[in-house]
Amino acid sequence: MTDAIVIRGLRKAYRHVLAVDDLSLTVPQGQRLALLGPNGAGKTTTISVLLGLLAPDAGATSLFGRDSRSAVNDGLVGVMQQEIGLPPRVTVRELVRFARAVFPAPLPYDEIVAQTGLTGLDRARVDRLSGGQRQRVRFAMALAGDPKLLVLDEPTAGLDVEARRDFWDGLSTSGRTVVFSSHHLDEADRFADRIVVLNRGRLVADGTSAEIKRGGDLEDAFLALISGRIA
Ligand SMILES: Nc1ncnc2c1ncn2[C@@H]1O[C@H](COP(=O)(O)OP(=O)(O)OP(=O)(O)O)[C@@H](O)[C@H]1O
C-alpha cells in the first residue's frame, strides 16, 4: 500500500532561523503519529510544508504518492489548524452541515457526529460548548470530507486537563492516518501508535511510546532527548 506521508530531506529556514533541518519521515496508512517537541522545534513548519502551505528550501513531501498540494486540494486530507475561529450563534448541526456541503463526497452527517462524540449536542450552539467540545466540532469539520489523512496541529492547545480529556474521549479515527502535534506527552502516550520527537528542526527520536520511554517515564525520556542527553 502506498505510504500516507513521505518526507525526504526536508529543510526550511526563515531568514536566519533553520526551522526544519534535513527531516525524513515515512508514515504508513492507518498509523496514528504524534509529533512532539519543545516550542520552536519545527512541528508547525513541518505540517505547513506537508500541507503545501509553505514551500520547502530543500527536500520534498508527498501524500499518498502524490504532490502534497494536489492531495490536499482533492480532499484527501482533513486539517485542524491552530487558532481557527468558529462563528458565533450557529449550532453544531448547522456548522457540520455547512462543512459537508463543501465536499463532493462527504461523510454522512450521523457518522461525523458519532465519530466525534458529538451525539446529543447537534442542537447546541458552538459558542456555548466547552473548550474540548468546541475542539471536537473543529475535528468534525476536518472529518467532513471523509479524508484519508487527518492532520491536527496542537488540537488541545490552551485547554485544561478536563477539556483535553473531553476532546480525546469519544473520538474515533476509524482506520484513518492521523498526525497530531502536541505538548502533552500523556496524549501521545494514549492516542498515538508512534511518536516522533523533533528538536531544533531535527528528528531526535522515532518509535513507539514504549521504545521511547525505555522502561522509564515518557517525560524524563523527552527531557533527556531535547537536552541532548540521549542521542
Ligand atoms: N513565519 C515565521 N517567521 C520567522 N520565523 C518563524 C516563522 N514561523 C516559525 N518561525 C521560527 O521557526 C522555528 C520553528 O517554529 P515552528 O512554529 O515550526 O515550531 P513548533 O514546534 O511548531 O513550535 P510551537 O510548539 O511553539 O508551536 C522557531 O524558531 C520559530 O520562531
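Both backbone and side-chain heavy atoms feed into the values below; hydrogens, waters and symmetry mates do not. Each ligand, and each atom within it, is numbered from 1 in the order the structure gives.
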Would you find a donor on one side and an acceptor on the other, under 3.5 Å apart, between the side chain of T177 and the backbone of G30? yes
Heavy-atom distances under 4.0 Å are what count here, so tell me which part of S181 touches ligand 1: side chain, backbone, both or neither. neither
Heteroatom distance test (T46, ligand 1): nitrogen or oxygen, under 3.5 angstrom: no
Applying side-chain hydrogen bond (donor to acceptor under 3.5 Å, both in side chains) to T45 and not counting sequence neighbours gives Y14
Should you measure from each heavy atom of A41, which atoms of ligand 1 turn up under 4.0 Å away? 19 (O), 20 (P), 21 (O)
What atoms of ligand 1 come closer than 4.0 angstrom to any heavy atom of E154? 24 (P), 25 (O), 27 (O)
Tell me, please, which residues at least two apart from F191 pass ring-ring contact (aromatic ring centres under 6.0 Å, His included). W168, F180
At under 4.0 Å between heavy atoms, what of H183 touches ligand 1? The answer is side chain
R100 side chain to A144 backbone, donor-acceptor under 3.5 Å: no
Numbered atoms and elements of ligand 1 in range of P38, under 4.0 angstrom, heavy atoms: 21 (O)
Quick check: does V17 get an N/O under 3.5 Å from an N/O on ligand 1? no
Residue selection (non-hydrogen contact nearest atom 17 (O) of ligand 1) among L18, V20, T44: T44
Where the side chain of S68 meets the backbone of L50, is there a donor-acceptor pair that is under 3.5 Å apart? yes
Salt bridge flag under 4.0 Å for residues R66 and D74: yes
Ion pair present between K12 and D21, side-chain N to carboxylate O less than 4.0 angstrom? no
Look only at interatomic distance and state if G37 has a nitrogen or oxygen under 3.5 Å from any nitrogen or oxygen of ligand 1. no
Would you say A19 and ligand 1 have an N/O pair spaced under 3.5 Å apart? no
